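One structure is given below, encoded as structure tokens.
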Protein chains: 2
Amino acid sequence: MFMNSNYPAESRALIAVDCIIFGFDEHEEVLKVLLIKRDMTPHKGDWSLMGGFLGIDETVDDAASRVLHTLTGLDNIYMEQLHVFSEVARDPVERTISVAYIALININDHDQKLIQQYSARWFTLEDKPDLIFDHDEMFNLGLSRLQHRVSTKPIGFELLPEKFTMRQLQKLYEEILATDLDKRNFSKKINSLEILEKLDEKDKRSSRKGSYLFKFDEEKYKEKSRQGFHFKI
Amino acid sequence: MFMNSNYPAESRALIAVDCIIFGFDEHEEVLKVLLIKRDMTPHKGDWSLMGGFLGIDETVDDAASRVLHTLTGLDNIYMEQLHVFSEVARDPVERTISVAYIALININDHDQKLIQQYSARWFTLEDKPDLIFDHDEMFNLGLSRLQHRVSTKPIGFELLPEKFTMRQLQKLYEEILATDLDKRNFSKKINSLEILEKLDEKDKRSSRKGSYLFKFDEEKYKEKSRQGFHFKI
DNA sequence: TCAAAAGTGTTCACCGTACACCCATGG
DNA sequence: CCATGGGTGTACGGTGAACACTTTTGA
């Protein structure tokens with residue numbers, strides 16, 4: 001550090017990242033959030049978002065990726081910077097500013113052992129307990145962002161397995177947007193976007209007839225985006 | 001500080017805010033950005049966004065407000081957190097992470113003396129010089145955000161005087177969105193929103209006939225928003 | 001009376017939405 | 001053969017986009 005620079009010494013503060021991790025439970029067909037039970041004071045034993053401190057050689061994105069990897073064992077998780085939280089007394093121990101992230105993962109993909117190790121648990125939005133510090137505020141903002149993002153970018157697929165049925169996709173949107181959708185209009189809309197590949201394979205678990213499986217075709221989406229296409233649901 | 005807390009010492013870094021200040025020049029009918037000539041090394045004499053460091057008793061919003069007040073003499077400026085920039089080497093002097101803001105001001109309102117004192121200048125987007133550090137990246141992201149925001153929130157009025165003509169409003173949108181708009185469709189759309197008050201007064205400077213002045217009716221907008229109305233242009 | 005900007009209405013294509021019946025299959 | 005979920009088409013109203021002429025008035 002250059003302590004004799006004309007940069008002020010009093011501006012240094014701890015920098016943290018906190019992640020709002022969303023997952024979709026295919027079985028229960030509900031949106032869930034992954035929370036951890038805090039193992040340090042203050043608020044030991046209370047629920048909080050998964051977080052961590054910024055390392056000296058990391059960007060905040062790096063730090064968020066690391067935090068996500070630590071808890072889930074996964075890499076290349078979809079995530080997005082949400083907002084900086086910086087109330088002076090938000091962390092009672094020491095002045096800390098936190099950069100909140102939202103992250104989307106496939107709920108069946110991650111490492112169960114790590115989750116246990118961190119005393120983490122998936123909560124439906126209804127069962128979500130109150131969180132420490134300003135984490136509830138982060139969560140609420142994160143949910144709004146997710147609702148907005150999912151209507152304008154094809155990120156919903158991050159929450160589903162690679163192959164999914166039209167019904168699963170619709171339920172996902174209904175859960176996130178907290179509305180009911182008409183299945184005829186929904187599949188018409190989705191198909192008109194031309195960014196899904198309809199497979200020959202069927203998922204026979206849900207009905208006798210079986211329902212076709214689809215895959216998100218990222219290449220097709222990118223190509224269409226280059227040509228001015230905008231995803232919109 | 002509690003240095004014997006289990007919070008890591010290495011995470012402390014300088015925290016800055018940088019403001020992308022937009023203004024609309026009514027006379028030239030162009031969008032401009034306010035830049036300052038840097039008076040300290042490194043890059044002394046080069047152009048940059050107006051910035052400052054986070055004070056120990058401030059939120060980042062407070063810091064951005066302070067920075068904006070310092071340069072313009074104005075309070076209650078519309079501003080919005082944009083993004084955190086945290087590349088490890090983004091500031092060559094010392095590890096600094098910066099929270100970028102966009103701000104909208106009426107270009108005729110602010111304090112000319114302060115602008116001179118800081119060697120600040122308004123630039124059209126065409127004339128904008130290259131900026132120091134990662135400020136160009138901030139600027140580009142800020143412009144995208146402005147383009148998006150102005151279509152979904154009634155913030156364009158922040159850039160105009162209290163009373164404005166339909167033509168000024170249209171030119172403002174054309175400038176920000178970098179498109180041409182049809183004046184019949186534009187005024188139809190705006191009027192259908194029912195958030196402007198048409199005054200009896202006319203602005204006679206622009207033509208012999210004179211054009212009606214309008215005011216943004218914030219109360220009406222808030223009332224409609226409460227009832228589920230969404231601004232959209 | 002003319003130049004210059006202001007103001008205004010109609011048509012058409014497309015999209016979003018509402019709505020109900022037949023299909024395929026395993027038990 | 002029947003119960004269960006899967007899959008599909010049509011009609012209508014509303015919105016966005018294209019487009020041109022008349023009005024006002026100061027010089």
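Because the structure is predicted, anything quoted here is derived from the model rather than measured.
- For B:Ser187, the side-chain atoms get nearest to C:dT8 when compared with the rest of C:dA6, C:dA20, C:dT8.
- When rounded to the nearest whole Å, the span between NZ of A:Lys183 and C1' of C:dC19 equals 13 Å.
- Per the geometry, NZ belonging to B:Lys202 stands 10 Å off P belonging to C:dA6, to the nearest Å.
- For B:Arg208, whose side chain is taken as the heavy atoms from C-beta onward, the closest listed nucleotide among C:dA5, C:dG7, D:dA27 is D:dA27.
- Atoms CG (A:Leu181) and C1' (C:dC19) sit 15 Å apart, rounded to a whole Å.
- Between the side chain of A:Tyr221 and the backbone N or O of A:Phe231, no donor-acceptor pair lies under 3.5 Å.
- Look at A:Asp25 and A:Lys32 and you find a salt bridge, because one of the NZ, NE, NH1 or NH2 atoms lies within 4.0 Å of a carboxylate O, short of that distance.
- At a threshold of 4.0 angstrom between heavy atoms, the contacts of A:Lys204 are confined to the sugar-phosphate backbone, with no base atom among them.
- Evaluation of atom-type donor-acceptor distances gives a pair under 3.5 Å for the side chain of B:Lys188 against the base of C:dT10.
- Side chain of B:Arg184, nearest nucleotide from D:dG6, D:dT8, D:dA20: D:dA20.
- With hydrogens and angles ignored, no donor-acceptor pair under 3.5 angstrom links the side chain of A:Lys189 to the base of C:dG16.
- One N or O on the side chain of B:Arg145 and one on the backbone of B:Gln81 form a donor-acceptor pair closer than 3.5 Å.
- For A:Asp182 and B:Asp182, each mapped to the nucleotide of DNA chain C holding its nearest heavy atom, the one lying further toward the 5' end belongs to B:Asp182.
- In this entry the distance linking CG of A:Leu193 with C1' of C:dC15 reads 13 Å, nearest Å.
- Each of A:Asn185 and A:Lys209 lies near DNA chain D, and the nucleotide nearest A:Lys209 is the one positioned closer to the 5' end.
- B:Arg90 has a carboxylate O that lies under 4.0 Å from a charged side-chain N of B:Asp134, or vice versa, which qualifies the two as a salt bridge.
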